[in-house]
Asker: 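What follows is a single structure, and I will ask about it in a moment.
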Amino acid sequence: MKINQNYGNLAESYLFSTIGKKVNAFTAAHPEREVIRLGIGDVTLPLARPVIEALHAATDEMAEKATFRGYGPDQGYDFLRTALQAEYARHGVALELDEIFVGDGAKSDVGNILELFDADNTVLVPDPVYPVYVDTNVMAGRRILYASATRENDFLPMPDACVRADIIYICSPNNPTGAAYTRAQLKAWVDYANENDAVLLFDAAYERFITEPDVPHSIFEIDGAKTCAIEFCSLSKTAGFTGTRCSYTVVPMALKRGGTKLNAMWLRRQTTKYNGVSYIVQRAAAAVFTDAGRQATGEAIAYYRANAAMIAAALNEAGVWYCGGKNSPYLWMECPGGMASWDFFDYLLEHAGVVGTPGAGFGARGEGYFRLTGFGDAQKTKRAAQKLREAAAALQSR
Ligand code: PLP
């Protein structure tokens, strides 16, 4: 037999294990020092009350013969998809129910969607990037091109008429940079994709962090997107579902490639290989979109946003360049004094007891940058922001 040799082409990911080892070594050497993690990409607040109540109620339904549920509908329960349809309508996007697929995570959906496309296609990903986009294509043996995200383009690369790609990833608001595309910028990507027979894979995992009116929550707010885009969204960061698992993917009926509707292909793929998210979790997900759920999850988002604002204020005071934080829980800072990102990681841990994520771990263009997040505890974030300000200011004046 022959194994998939492409797995041999995957770059080892040492990013989070190296961070863990360095932090453990530091804590062992300095047990008296407080270490605050400003690098985590996971949420820390518990599920909102209305979500917990829905989970309990649905669990009780499963205990009674009259209300027990077995396998659910292929694309997800109507009560959840109707709620999602209404959520899109709030942003001016009209969707048919059959365009919405409920899933167990944006990570799996983003990876699995690639089964619809031949291995021969060329992929365009931004650099720096959420590593899943790269690794899932390496596994399939696809050719990958990188669109440089740099300080010059505010970490928002735009289409290049000279670059020909078939599958294009856009994550806005972005992980790791926190940068978010405006309407006009997304229109340029939509036009490029329609003109070049390409498909945009639009990751909206952080859409609820958007504060600026010119930043769309959905790619389908852009004219022409329904003939070129698939959108992935998740309740992980928007409602604290990282451990509960629920996502949704929109494949428009108007999206055809090679004469075939991608919606029909994705339905076939999902019904063949997937049996859906549990009834209990779908009830919990639907509770997010009730008035009470919106209010409670909105409070958690506001908490994380306030953390991000504290970090942003510290960077402003220290005179450090950064992007993100406005429409995103992520801040992407330039390492002070021209430091390399791992050197800054070591410096910040040693001098401030603060842990972030070195930008180099997200791609070559991430070197010299550093990712911080608002997902931590508010009191700890306040202390860490103060220490970050002092450390950055000291380095700036060196
Ligand atoms: N997309 C982006 C950009 C992410 O940062 C993450 C998680 O960190 C995901 C998708 C995965 O989300 P999920 O928990 O729904 O699999």
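Positions are given from 1 along the sequence. Values below: every heavy atom of this structure, side chains too, minus hydrogens, waters and symmetry copies. Quantities reported herein were computed from a predicted structural model and do not represent experimental measurements. Remember, it's 1-based here, ligands and their atoms both numbered in the order they're listed.
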Asker: Indicate yes or no: does an N/O atom of Lys237 lie under 3.5 Å from an N/O atom of ligand 1?
Answerer: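 Lys237 vs ligand 1: N/O contact under 3.5 Å present.
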
Asker: Nearest heavy atom to atom 10 (C) of ligand 1: which of Asp104, Asp203, Thr242 does it belong to?
Answerer: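 It is Asp203 that holds the nearest heavy atom.
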
Asker: Among protein heavy atoms, which lies nearest atom 11 (C) of ligand 1, and at what distance?
Answerer: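 In this structure, atom 11 (C) of ligand 1 has Tyr130 OH, 3.3 Å as its nearest protein heavy atom.
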
Asker: Just need the protein heavy atom nearest to atom 12 (O) of ligand 1, so name the residue and atom and give the distance.
Answerer: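 Of every protein heavy atom, Ala106 CB, 3.8 Å lies nearest to atom 12 (O) of ligand 1.
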
Asker: Between Asp223 and Lys187, does any NZ, NE, NH1 or NH2 come within less than 4.0 Å of an OD or OE carboxylate oxygen?
Answerer: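 Asp223 and Lys187: not salt-bridged.
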
Asker: Would you call Cys171 a ligand 1 contact, heavy-atom distance under 4.0 Å?
Answerer: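 Checking ligand 1 against Cys171, which is what was asked, there is a heavy-atom contact under 4.0 Å.
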
Asker: Answer yes or no: is there an ion pair linking Glu299 with Arg49, defined by an N-O contact shorter than 4.0 Å?
Answerer: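 So Glu299 does not pair with Arg49 through a salt bridge.
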
Asker: Is there a polar contact, in the sense of an N or O pair closer than 3.5 Å, between Ser247 and ligand 1?
Answerer: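 In this structure, Ser247 places no N or O atom under 3.5 Å from an N or O of ligand 1.
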
Asker: Under a 4.0 Å heavy-atom limit, does Tyr206 contact ligand 1 with its side chain, its backbone, both, or neither?
Answerer: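 Near ligand 1, Tyr206 shows its side chain, while the N, CA, C and O stay back.
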
Asker: Is there a donor-acceptor pair closer than 3.5 Å between any side-chain N or O of Thr271 and the backbone N or O of Arg268?
Answerer: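 Here the side-chain-to-backbone pair exists.
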
Asker: Only one of Glu390, Lys382, Arg383 forms a side-chain hydrogen bond (donor to acceptor under 3.5 Å, both in side chains) with Gln386, so which one is it?
Answerer: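 Looking at Glu390, Lys382, Arg383, the match for Gln386 under the side-chain hydrogen bond (donor to acceptor under 3.5 Å, both in side chains) is Glu390.
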
Asker: May I ask you to check if ligand 1 and Asn175 share an N or O to N or O distance below 3.5 Å?
Answerer: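 Yes - when backbone and side-chain N and O of Asn175 are compared with those of ligand 1, one distance drops under 3.5 Å.
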
Asker: Counting only heavy atoms from other residues, nucleotides and ligands, does the tally under 6.0 Å from OH of Tyr7 exceed 12?
Answerer: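 No - once you tally the heavy atoms of other residues, nucleotides and ligands closer than 6.0 Å, there are 12 at most.
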
Asker: Could you check whether the rings of Trp332 and Tyr369 sit parallel, tilted or perpendicular, using 30° and 60° as the cut-offs?
Answerer: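 Aromatic pair Trp332/Tyr369 classed parallel.
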
Asker: Do Tyr130 and Tyr169 have ring centroids that are under 6.0 Å from one another?
Answerer: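 Ring centres of Tyr130 and Tyr169 not closer than 6.0 Å.
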
Asker: Does Arg142 CZ have over 12 foreign heavy atoms under 6.0 Å away?
Answerer: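 Above 12, so yes.
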
Asker: Using a plain distance cutoff, I'd like to know if Arg245 has any nitrogen or oxygen under 3.5 Å from a nitrogen or oxygen of ligand 1.
Answerer: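 Yes, Arg245 has an N/O under 3.5 Å of an N/O on ligand 1.
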
Asker: Do any N/O atoms on Gly105 end up under 3.5 angstrom from N/O atoms on ligand 1?
Answerer: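 So ligand 1 has no N or O lying under 3.5 Å from an N or O of Gly105.
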
Asker: How far is atom 14 (O) of ligand 1 from the closest protein heavy atom, and which atom is that?
Answerer: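 Atom 14 (O) of ligand 1 sits closest to the protein heavy atom Ser236 OG, 2.6 Å.
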
